[in-house]
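So the structure is just underneath, and the comments pick up after that.
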Amino acid sequence: EKLASRKLRLSAKTTMTIAEKLYTQGLISYPRTETNIFPKEMNLTSLVEAQTGDNQWGAFAGRILGEWNGPHPRAGKKSDQAHPPIHPIKHTSGLQGDEAKVYEFIVRHFLACVSQDAVGKETTVNIDIAG
(Lines give C-alpha, C1' and ligand atoms only; values in the text may rest on other atoms or scores of the structure.)
Protein backbone atom coordinates (compact mmCIF):
# COMPACT_ATOMS: atom_id res chain seq x y z
CA GLU A 1 0.00 0.00 0.00
CA LYS A 2 2.68 2.50 1.02
CA LEU A 3 4.98 1.74 -1.91
CA ALA A 4 2.19 1.78 -4.49
CA SER A 5 0.72 4.94 -3.03
CA ARG A 6 4.08 6.71 -3.21
CA LYS A 7 5.04 5.48 -6.69
CA LEU A 8 1.60 5.96 -8.27
CA ARG A 9 0.90 9.25 -6.48
CA LEU A 10 -2.41 8.02 -5.15
CA SER A 11 -3.62 8.42 -1.59
CA ALA A 12 -3.14 5.40 0.66
CA LYS A 13 -6.91 5.13 1.04
CA THR A 14 -7.48 5.16 -2.74
CA THR A 15 -4.72 2.60 -3.27
CA MET A 16 -6.16 0.24 -0.65
CA THR A 17 -9.73 0.66 -1.92
CA ILE A 18 -8.59 -0.28 -5.43
CA ALA A 19 -6.48 -3.18 -4.15
CA GLU A 20 -9.43 -4.55 -2.17
CA LYS A 21 -11.61 -4.33 -5.27
CA LEU A 22 -8.99 -6.20 -7.33
CA TYR A 23 -8.85 -8.81 -4.55
CA THR A 24 -12.62 -9.33 -4.50
CA GLN A 25 -12.53 -9.71 -8.30
CA GLY A 26 -9.98 -12.51 -7.88
CA LEU A 27 -7.20 -10.65 -9.69
CA ILE A 28 -4.71 -10.26 -6.81
CA SER A 29 -3.93 -11.92 -3.50
CA TYR A 30 -4.95 -10.53 -0.12
CA PRO A 31 -3.72 -6.91 -0.11
CA ARG A 32 -3.56 -6.18 3.63
CA THR A 33 -0.15 -7.65 4.32
CA GLU A 34 3.39 -6.35 4.66
CA THR A 35 4.88 -9.82 4.13
CA ASN A 36 7.74 -10.00 1.64
CA ILE A 37 8.66 -13.70 1.94
CA PHE A 38 7.10 -16.16 -0.52
CA PRO A 39 6.41 -19.58 1.04
CA LYS A 40 8.64 -22.30 -0.44
CA GLU A 41 5.62 -24.43 -1.37
CA MET A 42 3.97 -21.62 -3.39
CA ASN A 43 3.76 -22.31 -7.14
CA LEU A 44 5.30 -19.10 -8.47
CA THR A 45 5.83 -20.56 -11.95
CA SER A 46 2.09 -20.71 -12.66
CA LEU A 47 1.66 -17.11 -11.49
CA VAL A 48 4.42 -15.95 -13.86
CA GLU A 49 3.01 -18.08 -16.70
CA ALA A 50 -0.34 -16.31 -16.32
CA GLN A 51 1.36 -13.01 -17.22
CA THR A 52 3.22 -14.15 -20.37
CA GLY A 53 0.42 -13.14 -22.73
CA ASP A 54 0.44 -9.48 -21.74
CA ASN A 55 1.57 -6.96 -24.38
CA GLN A 56 3.46 -4.80 -21.86
CA TRP A 57 5.22 -7.24 -19.52
CA GLY A 58 4.61 -10.66 -21.08
CA ALA A 59 8.05 -10.84 -22.69
CA PHE A 60 9.69 -10.17 -19.34
CA ALA A 61 7.58 -12.90 -17.71
CA GLY A 62 8.68 -15.22 -20.52
CA ARG A 63 12.34 -14.44 -19.83
CA ILE A 64 11.84 -15.34 -16.16
CA LEU A 65 10.49 -18.74 -17.18
CA GLY A 66 12.87 -19.48 -20.05
CA GLU A 67 16.14 -17.62 -20.11
CA TRP A 68 16.39 -17.36 -16.31
CA ASN A 69 15.16 -20.92 -15.53
CA GLY A 70 12.06 -20.00 -13.58
CA PRO A 71 11.20 -17.65 -10.76
CA HIS A 72 13.79 -17.06 -8.03
CA PRO A 73 12.13 -14.98 -5.29
CA ARG A 74 14.10 -12.54 -3.18
CA ALA A 75 14.77 -13.50 0.42
CA GLY A 76 12.60 -11.04 2.30
CA LYS A 77 12.71 -10.26 6.00
CA LYS A 78 9.05 -9.78 6.98
CA SER A 79 6.39 -12.45 7.32
CA ASP A 80 3.09 -12.34 9.15
CA GLN A 81 2.78 -16.14 8.68
CA ALA A 82 -0.81 -15.61 7.48
CA HIS A 83 -0.50 -14.31 3.91
CA PRO A 84 2.09 -14.36 1.13
CA PRO A 85 3.29 -11.10 -0.44
CA ILE A 86 0.77 -9.33 -2.66
CA HIS A 87 0.85 -10.90 -6.12
CA PRO A 88 -1.35 -11.28 -9.20
CA ILE A 89 -3.65 -14.31 -9.22
CA LYS A 90 -4.61 -14.09 -12.88
CA HIS A 91 -4.00 -11.89 -15.90
CA THR A 92 -6.39 -9.21 -17.01
CA SER A 93 -6.26 -6.45 -19.60
CA GLY A 94 -9.76 -5.09 -19.04
CA LEU A 95 -8.98 -2.53 -16.34
CA GLN A 96 -8.84 1.22 -16.82
CA GLY A 97 -7.61 4.29 -15.00
CA ASP A 98 -6.27 3.93 -11.48
CA GLU A 99 -7.38 0.29 -11.27
CA ALA A 100 -5.15 -0.53 -14.25
CA LYS A 101 -2.25 1.41 -12.68
CA VAL A 102 -2.50 -0.43 -9.36
CA TYR A 103 -2.82 -3.83 -11.04
CA GLU A 104 0.15 -3.11 -13.32
CA PHE A 105 2.20 -1.98 -10.33
CA ILE A 106 1.41 -5.20 -8.46
CA VAL A 107 2.28 -7.38 -11.47
CA ARG A 108 5.51 -5.56 -12.27
CA HIS A 109 6.59 -5.58 -8.62
CA PHE A 110 5.85 -9.31 -8.39
CA LEU A 111 7.80 -10.06 -11.58
CA ALA A 112 10.73 -8.00 -10.33
CA CYS A 113 10.68 -9.88 -7.02
CA VAL A 114 10.96 -13.28 -8.73
CA SER A 115 13.40 -12.34 -11.51
CA GLN A 116 17.18 -12.39 -11.58
CA ASP A 117 19.09 -9.47 -10.15
CA ALA A 118 19.82 -6.69 -12.60
CA VAL A 119 23.34 -6.54 -13.98
CA GLY A 120 24.86 -3.15 -14.58
CA LYS A 121 27.92 -1.98 -16.44
CA GLU A 122 30.20 0.89 -15.73
CA THR A 123 32.47 2.77 -18.08
CA THR A 124 35.20 5.08 -16.84
CA VAL A 125 36.53 7.73 -19.21
CA ASN A 126 39.64 9.77 -18.44
CA ILE A 127 40.04 12.94 -20.44
CA ASP A 128 43.20 14.98 -20.50
CA ILE A 129 42.53 18.44 -21.90
CA ALA A 130 45.57 20.45 -23.00
CA GLY A 131 47.69 18.29 -20.82
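- With sequence neighbours excluded, no residue satisfies salt bridge (charged side-chain N to carboxylate O under 4.0 Å, His left out) with Asp128.
- Looking at residues two or more places apart in sequence or on another chain, you find a side-chain contact (heavy atoms from CB on, under 4.5 Å) between Pro85 and Thr35, Phe38.
- By the side-chain hydrogen bond (donor to acceptor under 3.5 Å, both in side chains) test, Gln56 pairs with no residue at all, sequence neighbours left out.
- For residues 4-34, the set of pairs meeting the ring-ring contact (aromatic ring centres under 6.0 Å, His included) definition, not counting sequence neighbours, comprises Tyr23-Tyr30, Tyr30-His83.
- Between Pro84 and Pro39 there is a side-chain heavy-atom pair separated by less than 4.5 Å.
- Counting heavy atoms from C-beta on, the side chains of Leu27 and Pro88 never come closer than 4.5 Å.
- Residues Val107 and His109 form no side-chain contact, since every pair of their non-hydrogen atoms from C-beta on lies 4.5 Å or further apart.
- Ring geometry for His91 against Tyr103 counts as perpendicular: the plane angle is over 60°, on a 0 to 90° scale with 30° as the lower cut.
- Partners of Asp117 under the side-chain hydrogen bond (donor to acceptor under 3.5 Å, both in side chains) rule, at least two apart in sequence or in another chain, are Arg74.
- For the pair Trp57/Glu104, a side-chain contact is recorded, criterion being any heavy-atom separation below 4.5 Å from C-beta on.
- Considering only heavy atoms from C-beta on, Glu20 comes within 4.5 Å of Pro31 through its side chain.
- Between Phe110 and Leu44 there is a side-chain heavy-atom pair separated by less than 4.5 Å.
- In this structure, the side-chain contact (heavy atoms from CB on, under 4.5 Å) partners of Lys7, at least two apart in sequence or on a different chain, are Leu3, Phe105.
- Ala61 approaches Thr52 most closely through the heavy-atom pair CB-CG2, 3.9 Å.
- Under the ring-ring contact (aromatic ring centres under 6.0 Å, His included) criterion, no residue pair touches residues 112-131, with sequence neighbours excluded.
- Of the possible donor and acceptor atoms, one in the side chain of Ser5 sits under 3.5 Å from a partner among the backbone N and O of Leu10.
- Residues Ile89 and Met42 do not share a hydrophobic cluster, clusters being chains of Ile/Leu/Val/Met/Phe/Trp/Tyr side chains in contact below 4.5 Å.
- Other residues sharing the hydrophobic cluster of Ile127, ordered by chain and number and joined by side-chain separations under 4.5 Å: Val125, Ile129.
- For Ser11, the side-chain contact (heavy atoms from CB on, under 4.5 Å) test picks out Lys13, Thr14, with sequence neighbours left out.
- Among residues at least two apart or in separate chains, side chain to side chain donor-acceptor pair (under 3.5 Å) pairs with a member in residues 92-101 are Lys21-Glu99.
- Nearest heavy atoms, Pro71 versus Thr45: CD-OG1, 3.5 Å.
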For residues 62-69, tabulate all N or O donor-acceptor pairs below 3.5 Å that involve a side-chain atom, not counting sequence neighbours.
residue : atom : partner : partner atom : Å
Arg63   : NE   : Glu67   : OE1          : 3.2
Arg63   : NH2  : Glu67   : OE2          : 3.4
Trp68   : NE1  : Gln116  : OE1          : 3.2

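- Every residue was checked against the side-chain hydrogen bond (donor to acceptor under 3.5 Å, both in side chains) condition with Glu49, not counting sequence neighbours, and none meets it.
- Once rounded to the nearest 0.5 Å, the distance linking CD of Gln51 with CG of Leu111 reads 6.0 Å.
- The closest side-chain heavy-atom distance from Ile28 to Val102 is not below 4.5 Å.
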